[in-house]
Structure formats: C-alpha cells, structure tokens
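In what follows, a structure is listed as structure tokens, so that the remarks can point back to it.
If you're wondering where the values come from, they're calculated on a predicted model, not measured in any experiment.
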Amino acid sequence: MSVDMLSYLFIGGSFLLYIGIAVWARAGSTKEFYVAGGGVHPIANGMATAADWMSAASFISLAGLISFIGRDGSAYLMGWTGGYVLLAMLLAPYLRKFGKFTVPDFVGDRYESNTARIIGVACTIIISFTYVAGQMRGVGIVFSRYLHVDINTGVILGMAIVFFYAVLGGMKGITYTQVAQYCVLILAFTVPAFFLSAQVTGHILPQIGLGATLETGQSVLATLDQLSMDLGFAQYTTGTKSTIDIFCLTVALMCGTAGLPHVIVRFFTVPRVKDARTSAGYALIFIALLYTAIPGVAGFGRVNLIQTLNGPDNAGTEYAAIPDWFKNWENAGLLAWNDRNGDGKIQYAAGSAFDSKGGKPAFDDGADPRGEMGQRLATNALVGAEFDATKQPFANEVYVDRDIMVLANPEIAQLPAWVIALVAAGAVAAALSTAAGLLLVISTAIAHDLMKTVISPNITDKQELMYARMAAVVAILIAGYFGINPPGFVAQVVALAFGIASASVFPTLMLGIFYTRMNTQGAIAGMLVGLLSTVGYMWYFVFGGGDPADYFMGISPGGFGAVGLVLHFVVAIVVAKFTPPPSEEMQRIVADLRIPRGAGEAHAH
C-alpha cells in the first residue's frame with residue numbers, strides 16, 4: 001500500500017477515534033467541561049498531561065531545531081523538561097490544594113481583587129493564543145504534505161477536528177482524547193527513532209546514539225562537527241548563541257513551562273491532592289520517553305539530510321536522481337532548490353539559497369522563498385548570502401524549513417511506508433492535543449473567570465456552559481488565523497509563549513504561594529511590568545524590524561522572558577513592601593497552604 005493511502009488510513013482512523021471519544025465523553029455540566037468532573041485516574045491524567053504538554057513544538061519542531069542549530073537547541077530541551085519538574089514540585093500540589101483550577105481564578109481569590117483577576121485573564125489569553133499559533137501551523141504542515149493540500153487548507157481541517165472534541169466534550173472529552181493521542185504520538189516518535197538509530201549506529205536505542213561510533217570510526221557527534229565545518233556551518237557542538245542568551249532562554253522556557261495555564265488545570269481533573277502529585281510523576285515518565293530520544297533523532301536526521309543532498313563526496317546530487325521525498329516537500333512549499341550555478345545538482349551548505357537583497361532575510365540553511373514569512377522568521381543569526389570559498393566547497397542552493405525534519409526523517413532514511421504514515425498521525429495528534437487544551441483554557445478564562453465571576457455572577461450553570469462553548473468557537477477561529485499567518489516556525493512561536501508565561505504568570509503564582517506578605521498592589525504591578533516589558537521587547541524584535549545587534553545584553557526575544565521574570569519579582573516585592581499587607585485571613589490561608597496535609601475534592605463551579 002502506498003504512503004498516501006496509509007497516511008489517509010492512519011490520520012482518518014485517528015480522527016474517527018478522537019471524535020468518537022468526544023461524543024462518548026461529552027460534557028454535561030460546567031464541572032465536566034472545566035475539570036472533567038474531577039474523577040480522572042492518575043495514570044490516565046498523566047498520559048493526558050504528557051499529550052497536552054508535548055505539543056507540535058516537541059514532536060515536529062524541536063528535533064528539527066536541534067538538527068540545524070546543534071548545541072544551542074539544548075536550551076529548549078533543558079528548559080521544557082526542567083520546567084515540568086518545577087511545575088510538578090513547586091506549583092501543582094499547592095494550586096490544587098488552594099482549589100482554584102484556572103490561573104485567573106487563583107490570582108483573583110489569592111490577591112482579593114477583580115482587577116488582578118482581569119489582568120490574569122489577559123495574560124492567559126495572550127499566552128494561549130501565542131502558543132496555539134504554533135500548533136495550528138504544525139497541523140497545516142502535516143496536512144500540506146500528507147493530504148496534498150496547501151497549509152491554509154490544512155489549518156482549516158485541523159480547526160474542524162478540534163471543534164468537535166473541544167467544544168462538545170470540554171475537559172472531559174479532551175482528557176480521554178488526549179490519552180489516545182499520547183499513545184499515538186509516542187508510538188509515532190519512538191518507532192522511527194528506533195529504526196533510525198539501528199540504521200545509523202547499529203543499535204536501536206536513540207538515547208545513546210550521539211556517542212555511537214560509525215563505520216568511519218568517528219562518533220555521530222564528531223561526524224556532525226566535521227560535516228558542519230566542511231560546509232561552512234557553525235560547529236554542531238559549539239553553536240553560535242552567547243552563554244547568557246542560552247542561560248536566559250533556558251530559564252524563560254523552564255519558568256514559562258511551570259506557568260502554562262493549560263497544563264496547570266490538568267491537576268484539577270483528579271480526585272485528590274495526592275493524585276495530583278502521582279499523576280505529575282507519571283506524566284514525567286511519559287514525557288521522558290520522547291524527550292530522551294530527541295537529541296539522537298536530531299543528529300541522525302542531520303547526517304542523513306547532508307549525505308543525501310550532497311552525496312558521499314560532498315559534490316552534490318543530480319536533481320533528476322533525487323529521491324521522491326525531496327520533490328514531495330518541494331510541492332508542499334517547505335523545501336526549495338535554486339540551481340545557482342546551473343549544473344543541475346543539488347548542493348547544500350551554509351549561506352542563503354536565495355537573493356537576500358531588498359530586505360529579504362538569509363539563514364544558515366537558506367532564505368525562505370515565501371517572502372513575508374521569511375521576514376517574520378528573521379529574528380536570530382542573520383547571515384549574508386555571499387559565497388565564501390574558504391569556508392565551503394560550493395554556494396548553498398537549498399532552503400529547508402526546520403519544521404519538516406521529523407516528518408521527513410523516515411522518508412530520507414527510506415523507512416517502510418507504514419512508519420511514514422504513523423509519523424504523520426503522531427504529528428497531528430501532538431498538535432491537536434495541545435491546541436484543544438489551549439482553546440479550553442481560553443474559553444474557561446472568558447466564560448468562568450470573566451463572565452461568571454466578574455461581569456454576570458448570577459448566570460446559571462447552563463448559561464455559563466453556553467458562554468464557554470461560544471468562547472471556544474471564537475477562539476478556534478482566531479487560532480486558525482494565527483495558524484495561517486504564524487509569526488515564525490513552530491518552536492520559535494512556542495518559545496515566545498513560554499517567555500510571556502515566565503514573565504507574567506510564574507512569578508505571580510510563586511509569590512502567591514510562598515510569600516505571605518504579597519498583596520494586591522504588588523501582584524498587579526508585577527504582572528503589568530513583566531507582561532508589558534516582555535511583550536514589548538518581543539514585538540519590537542520579531543515584528544517591529546528591530547536589529548538583532550541591538551538585543552539587550554545579547555538576549556534574544558525568546559530568552560527575554562527571564563529578564564521580565566526578574567523585573568516582575570523585583571517590582572512586585574518592592575511595591576508590596578510599601579503598601580498595606582493582605583487580609584489576616586488570606587495570610588492564614590497562604591501559610592496553611594504549604595502545610596502537607598490533604599484537601600477536599602476540586603471545587604465545582
């Protein structure tokens with residue numbers, strides 16, 4: 001059976017499964033819509049949390065990012081995994097014990113202020129929409145290749161699927177759908193990872209593949225270093241980012257992970273605080289299965305890509321003889337070849353494959369030939385398009401979108417057709433699982449935290465559920481727009497969302513739990529300073545045409561969340577010191593919150 005037929009079968013079958021689960025687990029009350037009734041088993045919740053957390057950035061983009069930037073990609077790996085540990089140990093149990101299942105709800109009640117609650121709603125919506133843009137783009141990329149439609153049509157198809165199980169099923173439908181999606185995505189990532197590892201290194205464990213010795217006598221990492229230098233790229237194990245930028249990006253991703261609204265709410269879908277801790281532990285195990293394999297997959301993919309395009313002697317490959325996968329991704333608009341010297345050969349090296357004049361950006365792997373998208377992507381490491389014969393044997397002629405690497409890996413390695421189709425289904429599962437969680441957070445923030453709590457406290461349970469579903473529909477439409485017009489490649493967009501969460505939500509939660517003296521004025525001041533400074537910096541350098549040479553202390557937009565984090569803590573604590581303390585009752589509640597004893601069931605709303 002062909003790859004196309006298997007892709008249709010795998011993706012279509014998974015869609016029917018997700019929609020069937022959503023219909024079976026349809027929410028009938030606000031408690032089921034918001035927290036799945038509070039009765040999910042810890043193991044199931046751990047799988048759902050892992051699927052919710054491992055987005056398209058983890059499945060599709062992270063290995064591709066590491067493939068192209070080498071050591072610099074370690075910030076994403078360390079930040080995202082370390083952040084989950086931070087969330088599980090420092091925040092989740094205490095937030096679960098406090099009994100408020102959304103970030104705005106916690107902020108509003110802890111700081112005894114609807115103004116703080118509204119700012120919390122704004123932070124939640126900004127973070128979620130920034131994050132969901134990357135997920136919808138991921139869906140579009142998968143569909144554009146495997147269903148042979150353009151990316152925009154792929155995004156619209158993804159919107160339709162999410163509508164069924166997010167709007168109809170709510171958290172109850174999403175939870176059990178995400179259990180199925182985790183099973184699909186983990187199989188889809190690890191099975192080809194085992195194949196690739198066996199093919200490149202001779203053993204099946206990708207977790208230890210980078211240190212394996214190849215037929216040449218060199219390790220995979222040493223081979224990558226040599227290939228990178230031969231072709232004019234930065235050394236794979238050295239990278240180009242400064243130490244302070246790597247540090248700030250890691251901190252921003254770590255603290256941003258701990259402040260993600262759609263992951264925090266998952267700890268309210270289990271019956272008890274103890275179950276929240278247990279499900280966090282299971283989720284960490286389920287996450288580790290994928291994340292420990294990513295560096296190996298990235299390395300194997302990079303070696304295969306370079307050797308396939310340039311041939312064994314680095315002389316290039318005849319376009320007429322190139323495998324079908326190259327032309328398939330060309331047709332999808334995510335890979336391009338520009339025969340600059342007219343020799344009919346594909347030649348891949350450092351530098352731009354397209355003319356960078358007229359404001360068009362150039363990357364180490366070629367300029368984006370799609371114009372406006374390329375300009376939006378140009379936030380880091382711009383390089384000139386001029387050919388330097390002292391650094392590489394020929395000028396670069398290939399543009400490769402970083403987001404295709406995981407999807408293209410099985411085709412490049414000529415793995416069985418069913419493995420290629422399985423990867424497609426897994427990529428869709430990863431993107432849709434996170435997109436659904438984010439859309440639910442947006443609808444909850446509007447329906448519960450804004451409408452029910454602030455604007456119309458007297459609305460009925462049925463009316464609140466109606467508002468939640470209406471908000472989810474609007475959120476899906478806006479998410480689709482961002483998927484069609486994304487501000488960058490998947491991992492980059494997601495990194496911006498984590499940076500915003502790091503600067504706005506994480507410090508507010510930490511201070512609310514561990515600093516009894518933190519009051520309303522301090523919380524509001526801290527959130528505003530952290531949010532506005534980080535969003536302003538990102539907007540200027542990503543959309544406003546800011547020159548990377550002007551980065552503050554060399555810190556890129558994705559890492560500026562760490563600076564916003566420090567500003568938030570400093571401003572909040574200073575303002576709290578010079579303003580009245582919170583009520584004695586709230587101080588008692590906060591002090592009691594950290595005492596390790598049980599709490600009741602999740603609150604019904």
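Remark: the backbone N or O of G530 is paired with a side-chain donor or acceptor of S533 at under 3.5 angstrom. Under the 3.5 Å distance criterion, the side-chain polar atoms of S504 are left unmatched by any main-chain donor or acceptor of C123. At least one donor-acceptor pair under 3.5 Å links the side chain of H568 to the backbone N or O of A503. The backbone N or O of L253 lies less than 3.5 Å from a partner atom in the side chain of T257, making a donor-acceptor pair. Judged by distance alone, the side chain of Q199 and the main-chain N or O of A413 form a donor-acceptor pair under 3.5 Å. In this structure a side-chain-to-backbone donor-acceptor pair under 3.5 Å is missing from N310 to G316. For T317 (side chain) and T308 (main-chain N/O), a donor-acceptor pair under 3.5 Å exists by modelled atom type. In this structure, E397 contributes its side chain and R340 its backbone to a donor-acceptor pair below 3.5 Å. Side chain of D339 to main chain of G344: a donor-acceptor pair is present (N/O by atom type, distance under 3.5 Å, no hydrogens or angles). Side-chain atoms of T153 do not come within 3.5 Å of backbone N or O of V149 as any donor-acceptor pair.
To the nearest 0.5 Å, the span separating CG on L185 from CG on L290 amounts to 6.5 Å. In this structure, N338 CG and N396 CG are separated by 9.5 Å, a value rounded to the nearest 0.5 Å. Here the CZ-CE distance, from F560 to M553, works out to 10.5 Å after rounding to the nearest 0.5 Å. Once rounded to the nearest 0.5 Å, the distance linking OH of Y319 with NZ of K327 reads 5.5 Å. Atoms CE and CG, on M254 and L565 in that order, are 11.5 Å from each other to the nearest 0.5 Å. With values rounded to the nearest 0.5 angstrom, D72 atom CG is found 4.5 Å from I246 atom CD1.
In this structure the side chain of I127 never reaches within 4.5 angstrom of the side chain of F498, judged on heavy atoms. Within the 4.5 Å cutoff, the side chain of F326 has heavy atoms near those of the I346 side chain. Looking at heavy atoms from C-beta onward, T190 lies out of side-chain contact with F195 at the 4.5 angstrom threshold. Under the 4.5 Å side-chain criterion, counting only non-hydrogen atoms from C-beta, T534 is not in contact with L567. Counting heavy atoms from C-beta on, the side chains of L531 and I126 come closer than 4.5 Å. The closest side-chain heavy-atom distance from F233 to R302 is below 4.5 Å. At a threshold of 4.5 Å between non-hydrogen side-chain atoms, the residues N409 and P192 do not count as touching. Between I66 and I294 there is a side-chain heavy-atom pair separated by less than 4.5 Å.
Here the shortest heavy-atom pairing between N328 and E411 reads ND2-OE2, 3.8 Å. When all heavy atoms are compared, the tightest approach of M538 to L496 is CE-O, 3.4 Å. Nearest heavy atoms, G561 versus S502: O-OG, 3.5 Å. In plain terms, the two heavy atoms of L77 and T81 that are nearest each other are O-OG1, 2.6 Å. In terms of heavy atoms, I186 sits closest to F286 at CD1-O, 4.2 Å. Nearest heavy-atom pair across F194 and I204 is CD2-O, 2.9 Å.
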Carefully, step by step, assess V423 and F189 under the rule side-chain contact (heavy atoms from CB on, under 4.5 Å).
CA-CA 6 Å; V423 170; F189 196 90; over 6 Å; no

Test log, rule side-chain contact (heavy atoms from CB on, under 4.5 Å), inputs Y182 and T49:
CA-CA 9 Å; Y182 175 77; T49 302; over 6 Å; no

Should L335 and W325 be marked as a side-chain contact (heavy atoms from CB on, under 4.5 Å) after you check the CA-CA gap, both sets of side-chain angles, and the distance that decides it?
CA-CA 10 Å; L335 188 151; W325 68 265; 3.8 Å; yes

Working for side-chain contact (heavy atoms from CB on, under 4.5 Å), residues W329 and L407:
CA-CA 10 Å; W329 285 107; L407 301 175; 3.7 Å; yes

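Side-chain contact annotation: T292 with Q207, donor-acceptor N/O pair under 3.5 Å present. Side-chain contact annotation: S242 with D245, donor-acceptor N/O pair under 3.5 Å absent.
For Y76 and W80, the gap between ring centers is short of 6.0 Å. Ring to ring, F552 and Y537 are not that close: their centroids are 6.0 angstrom or more apart.
Geometrically, K241 does not engage F247 in a cation-pi contact defined by less than 6.0 Å to the ring centre and at most 45° from the axis.
At most 12 non-hydrogen atoms from other residues, nucleotides or ligands lie less than 6.0 angstrom from CD of Q414. Other residues, nucleotides and ligands place more than 12 heavy atoms under 6.0 Å from the CG atom of D550.
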